[in-house]
Amino acid sequence: MPERVRFSNPKALAPPPGYSYVVESTGPGRTIYFAGQLGIDTENKFVGAPGDFRAQAVQTFENLKAALAAVGADFSHVVKLTNLMGDIKHLPIFREVRDQYLSAPPPASTTVQIAAFAREGALLEVEAVAVLPA
């Protein structure tokens, strides 16, 4: 039996902006958990000028793209994102960048503002869960 992933938004809930409320996975498959990614380059340095949220957001999603590719996946396999932001005022920029990477239907998603990151200079961190066929 092939892997089946179903995305849905219950009619009893308000329509979500750019994510799905429910993602259901059934059947044999591979579930892969990706650690939170930052806006750092291959030399472990933050991209862009200090405080450049857009540059860090793009690099964060490029890093996720590379991590997905390393296991034969892409953003169409992502079923859940957890988005941590240092300042929620950047949410419109975050959504704009995120939407350039995600395919429809969008994954389930949680976004929160946090007080600090483990790494000074980080403006956001994004972790993902992907489901691939067995």
Side-chain angles (χ1 to χ4, degrees):
M1 178 177 183
E3 178 72 25
R4 182 166 179 248
V5 177
R6 185 172 70 99
F7 297 81
S8 64
N9 293 306
K11 300 232 184 279
L13 301 173
Y19 59 91
S20 296
Y21 282 126
V22 180
V23 181
E24 178 183 7
S25 174
T26 58
R30 296 169 39 212
T31 301
I32 304 165
Y33 300 86
F34 296 89
Q37 296 297 306
L38 303 173
I40 55 175
D41 61 20
T42 57
E43 295 179 4
N44 212 24
K45 296 179 183 171
F46 286 106
V47 298
D52 187 342
F53 184 86
R54 182 179 300 277
Q56 283 196 27
V58 169
Q59 187 64 49
T60 296
F61 278 92
E62 285 295 318
N63 292 345
L64 277 173
K65 183 178 175 181
L68 288 160
V71 295
D74 59 38
F75 281 102
S76 71
H77 297 105
V78 173
V79 297
K80 174 70 167 88
L81 291 175
T82 301
N83 315 297
L84 308 171
M85 300 174 64
D87 192 335
I88 203 73
K89 76 178 182 188
H90 296 298
L91 187 58
I93 296 169
F94 173 81
R95 286 179 173 165
E96 181 184 321
V97 171
R98 175 202 63 193
D99 292 351
Q100 294 173 16
Y101 289 87
L102 298 182
S103 56
S109 183
T110 300
T111 303
V112 296
Q113 178 175 312
I114 64 171
F117 293 94
R119 175 124 181 233
E120 188 176 337
L123 302 175
L124 76 156
E125 184 170 351
V126 179
E127 63 180 34
V129 177
V131 175
L132 283 80

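Along the sequence shown, residues are numbered consecutively beginning with 1. Hydrogens, waters and symmetry mates play no part in the numbers below; they use all other heavy atoms, side chains included. Here the structure is a predicted model, which means the values were calculated and not measured.
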Task: Spatial distance of atom CD (Gln37) from atom NZ (Lys65) [nearest 0.5 Å] - done: 14.0 Å

Open item on the list: Quick check for you: to the nearest 0.5 Å, what is the distance between Ile40 atom CD1 and Lys45 atom NZ?
Closed with: 12.0 Å

Task: Inter-residue atom distance Glu62.CD - Thr42.OG1, 0.5 Å rounding - done: 12.5 Å

- [ ] Give a yes or no on whether Phe34 and Val97 share a hydrophobic cluster (residues Ile, Leu, Val, Met, Phe, Trp, Tyr; joining criterion: side-chain heavy atoms under 4.5 Å apart).
- [x] yes

TODO: Can you measure from CZ (Arg98) to CG (Leu81) and round to the nearest 0.5 angstrom?
DONE: 8.0 Å

Task: With sequence neighbours excluded, residues passing ring-ring contact (aromatic ring centres under 6.0 Å, His included) with Phe7 - done: none

Task: Thr111 and Arg95: CA distance, side-chain angles, deciding distance, side-chain contact (heavy atoms from CB on, under 4.5 Å) verdict - done: CA-CA 10 Å; Thr111 303; Arg95 286 179 173 165; over 6 Å; no

Open item on the list: So, taking the atom named CG in Leu124 and the one named CD in Gln59, what distance separates them when rounded to the nearest 0.5 Å?
Closed with: 11.0 Å

Task: Of all pairs that satisfy ring-ring contact (aromatic ring centres under 6.0 Å, His included), the ones with a partner from residues 37-66, not counting sequence neighbours - done: Phe53-His90, Phe61-Phe94, Phe61-Tyr101

Task: Val47 backbone acceptor or donor facing Asp52 side chain under 3.5 Å - done: no

Task: Polar side-chain atom of Glu120 near backbone of Ala118 as donor-acceptor pair, under 3.5 Å - done: no

Task: Heavy-atom donor-acceptor pair, Thr60 side chain to Glu125 backbone, under 3.5 Å - done: no

Task: CD-CD1 distance between Gln56 and Ile93, expressed to the nearest 0.5 angstrom - done: 11.5 Å

